[in-house]
Each structure stands twice: as C-alpha cells, then as structure tokens.
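Everything quoted here is computed from the prediction, not taken from an experiment. Because only heavy atoms are used, hydrogens play no part in the values below, and waters and symmetry mates are left out as well, while side chains stay in.
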Amino acid sequence: WLVIAVGLVRAYLAKGSYHSLYYSIEKPLKFFQTGALLEILHCAFGIVPSSVVLTAFQVMSRVFLTWAVTHSVKEVQNEDSVLLFVVAWTITEIIRYSFYTFSLLNHLPYLIKWARYTLFIVLYPMGVSGELLTIYAALPFVRQSGLYSISLPNKYNFSFDYYTFLILVMISYIPIFPQLYFHMLHQRRKVLSHTDEHKKSE
C-alpha cells in the first residue's frame with residue numbers, strides 16, 4: 001500500500017493534476033487488493049482474531065469495486081470518485097498494517113494506535129462515498145452494454161441483470177455501512193479509553 005501511495009504522489013507531481021491518477025497505480029492496486037482475500041482465510045483459520053463476516057464483507061466489497069466495476073467499466077476509470085476511494089483505502093491500509101506490525105513487535109506507538117481508531121471517522125465515509133459514486137457512474141455504461149447480464153431465453157432458463165444487481169449493491173450499503181461504522185466507534189471507545197486509563201495508572 002505504501003507502493004500505491006508513492007505511485008499516486010509521483011504521478012501527481014509529474015502531471016500537476018489529480019485527474020486520471022488511477023492509471024499510475026492500477027496494477028499494484030489490483031495485486032494488493034486481490035491479495036487481501038487471504039485475510040478472510042486468516043480469520044477463518046483463527047490466525048487473526050477478527051470477525052470472518054465483517055472481514056469478508058469489507059474485503060469482498062473492495063475486490064468487487066476493483067475488478068467488477070472499475071476494471072470492467074473502463075469509462076469510470078477517469079472519475080474522481082475512483083481516486084477518492086483509492087486514497088481512502090491506501091491511507092487506511094498503511095495505518096492498519098503499521099498497527100499490526102508494531103503490535104507483533106510489542107512496541108506500538110500511541111500515535112499509530114490513535115490513528116488506527118480515529119482517522120476512520122473521516123476515511124470510512126470518504127471511501128464509501130467514492131465507491132458508491134463510482135458504481136453510480138458505471139450504471140449507464142452497464143445498461144448500454146449489457147455487461148455481465150444474461151437474458152432469456154437460454155438453455156439454463158436463467159436471467160441476470162447486472163445493472164439491477166449494481167443498484168442492489170448500492171442499496172445494501174444503507175443497512176451495512178452504519179453497522180460497520182458504529183462497530184468501529186465502539187472499538188475506538190473501548191481501546192482508547194483503556195489506553196488513557198492505563199496511562200493514568202502509570
């Protein structure tokens with residue numbers, strides 16, 4: 001994720017504009033975000049004490065955005081909303097993996113812990129906004145091209161409308177996003193209040 005961050009900064013400095021920076025980090029983004037699927041297995045096998053369901057939703061939604069929307073609908077790759085979620089993901093992951101690394105080394109700076117449980121307040125809505133705006137921008141092109149849609153009649157007697165599916169995906173954010181957001185707020189109160197109490201006791 002640091003590679004992606006450096007790539008974004010270098011491309012911005014070279015172009016002097018934040019537009020169309022996606023192309024400068026497209027390959028590493030696809031590689032690292034797809035590799036995050038391993039996190040679901042880590043939770044399932046108990047290597048990491050995190051919820052399999054929450055982790056699966058977060059990872060799969062990002063993989064879906066990366067491949068099934070941004071990669072598949074070339075027209076949205078120029079949208080500023082793509083940069084919005086890429087920046088949010090990148091900052092979030094750099095902080096999160098730094099948190100894990102220092103925790104494993106038993107030397108976790110308070111600043112990283114604070115950032116891990118505070119910056120999401122802005123980054124999470126920023127990422128979700130970018131994701132939803134990108135899906136919305138993709139809808140007309142999906143409808144026009146019939147991307148990934150299966151129409152009747154066919155030998156399987158089955159139909160699938162990818163356009164409608166994307167709309168349902170957007171609607172699913174309404175009940176799921178608040179649950180994940182308030183879960184993180186709860187974790188923030190628990191972790192940071194525990195840290196403050198520990199500091200006072202010292």
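- Taken to the nearest 0.5 Å, the OG atom of Ser145 stands 12.5 Å off from the NZ atom of Lys74.
- A donor and an acceptor atom, one from each side chain of Ser151 and Ser159, are nowhere located under 3.5 Å apart.
- Atom OH of Tyr136 has 12 or fewer neighbouring heavy atoms from other residues, nucleotides or ligands inside a 6.0 Å radius.
- Using a 3.5 Å distance cut-off with no hydrogens or angles, the side chains of Trp1 and Thr92 do not pair a donor with an acceptor.
- Using a 4.5 Å cut-off on side-chain heavy atoms (C-beta onward), Val169 and Val69 make no contact.
- When the shell of 6.0 Å around CZ of Phe102 is examined, it contains 12 or fewer heavy atoms from other residues, nucleotides or ligands.
- For the residue pair Ser24/Arg10, the side-chain donor-acceptor check at 3.5 Å is not satisfied.
- Not counting sequence neighbours, the partners of Tyr148 by the ring-ring contact (aromatic ring centres under 6.0 Å, His included) test are Tyr162.
- Sorted by first and then second residue, the side-chain hydrogen bond (donor to acceptor under 3.5 Å, both in side chains) pairs involving residues 41-64 (not counting sequence neighbours) are Arg62-Glu93.
- Not a single donor-acceptor pair under 3.5 Å links the side chain of Asp161 to the backbone N or O of Phe165.
- Note that OH of Tyr18 is 5.0 Å distant from CG of Asp80, once rounded to the nearest 0.5 Å.
- Leu65 places none of its side-chain heavy atoms less than 4.5 Å from the side chain of Gln33.
- The hydrophobic clustering, which links ILVMFWY residues whose side-chain heavy atoms are closer than 4.5 Å, places Tyr100 and Ile47 apart.
- Minimum interatomic distance between Phe32 and Val3 (heavy atoms only, all atoms of both residues): CE1-CB, 4.4 Å.
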Do Thr118 and Leu192 pass the side-chain contact (heavy atoms from CB on, under 4.5 Å) test, and can you show the C-alpha distance, the side-chain angles, and the key distance before you say yes or no?
-> CA-CA 9 Å; Thr118 302; Leu192 294 187; 3.9 Å; yes
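- Under a hydrophobic-cluster definition in which Ile, Leu, Val, Met, Phe, Trp and Tyr are linked whenever side-chain heavy atoms come within less than 4.5 Å, directly or via other members, Ile94 and Val122 are assigned to different clusters.
- Cluster membership for Tyr97 and Leu104, using ILVMFWY side-chain heavy atoms within less than 4.5 angstrom, is not shared.
- In terms of heavy atoms, Ala36 sits closest to Val59 at O-CG1, 3.6 Å.
- In this structure, the separation between CG on Leu166 and CD1 on Ile171 is 11.0 Å, given to the nearest 0.5 Å.
- In this structure the side chain of Arg116 never reaches within 4.5 angstrom of the side chain of Lys113, judged on heavy atoms.
- Side-chain atoms of Leu21 and Lys15, non-hydrogen and from C-beta on, do get closer than 4.5 Å to each other.
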Stepwise side-chain contact (heavy atoms from CB on, under 4.5 Å) test for Trp114 and Leu119 = CA-CA 8 Å; Trp114 178 87; Leu119 295 186; 4.3 Å; yes
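- Using a 4.5 Å cut-off on side-chain heavy atoms (C-beta onward), Leu180 and Phe57 make contact.
- The hydrophobic clustering, which links ILVMFWY residues whose side-chain heavy atoms are closer than 4.5 Å, places Tyr12 and Tyr23 together.
- Residue Asn157 holds its CG atom at 6.0 Å from CG of Leu152, rounded to the nearest 0.5 Å.
- Using modelled atom types, one finds no donor on one side chain facing an acceptor on the other under 3.5 Å when comparing Asn78 with His19.
- Between the OH atom in Tyr110 and the CD1 atom in Ile112 there is a gap of 13.0 Å [rounded to 0.5 Å].
- Put simply, the side chain of Ile25 does not reach to within 4.5 Å of the side chain of Thr90, judged on heavy atoms.
- Residues Leu29 and Val86 approach most closely at CD2-CG2, 3.9 Å, considering heavy atoms.
- Counted within 6.0 Å of CZ on Arg188, heavy atoms from surrounding residues, nucleotides or ligands total more than 12; the atom is thus considered enclosed.
- Within the 4.5 Å cutoff, the side chain of Met126 has heavy atoms near those of the Val87 side chain.
- Hydrophobic cluster membership differs between Leu132 and Trp67, with clusters built from Ile, Leu, Val, Met, Phe, Trp and Tyr side chains linked at under 4.5 angstrom.
- Expressed to the nearest 0.5 Å, how far CG of Leu54 lies from CE of Met184 amounts to 10.5 Å.
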Let me see the working for Ile167 and Ile135 under side-chain contact (heavy atoms from CB on, under 4.5 Å), right down to the final yes or no.
-> CA-CA 8 Å; Ile167 292 175; Ile135 296 174; over 6 Å; no
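- Under 3.5 Å, the side chains of Tyr22 and Glu79 contain no donor-acceptor pair of N or O atoms.
- Within 6.0 Å of atom NZ in Lys27, 12 or fewer heavy atoms from other residues, nucleotides or ligands are found, so the atom counts as exposed in its surroundings.
- In this structure the side chain of Met170 reaches within 4.5 angstrom of the side chain of Leu139, judged on heavy atoms.
- Minimum interatomic distance between Ser103 and Leu108 (heavy atoms only, all atoms of both residues): OG-CD2, 3.8 Å.
- Minimum interatomic distance between Glu26 and Gln77 (heavy atoms only, all atoms of both residues): OE2-NE2, 4.3 Å.
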Applying ring-ring contact (aromatic ring centres under 6.0 Å, His included), run through Tyr124 and Phe120 and close with a yes or a no.
-> CA-CA 5 Å; Tyr124 206 173; Phe120 80 89; 7.1 Å; no
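- Annotation for Thr134 and Ser81: closest pair OG1-OG, 2.9 Å, computed over non-hydrogen atoms.
- The number of heavy atoms from other shown groups lying within 6.0 Å of CZ (Phe160) is above 12.
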Start with the C-alpha gap between Trp89 and Phe85, add the side-chain angles, then the distance that decides, and say whether ring-ring contact (aromatic ring centres under 6.0 Å, His included) holds.
-> CA-CA 6 Å; Trp89 291 359; Phe85 72 70; 4.6 Å; yes
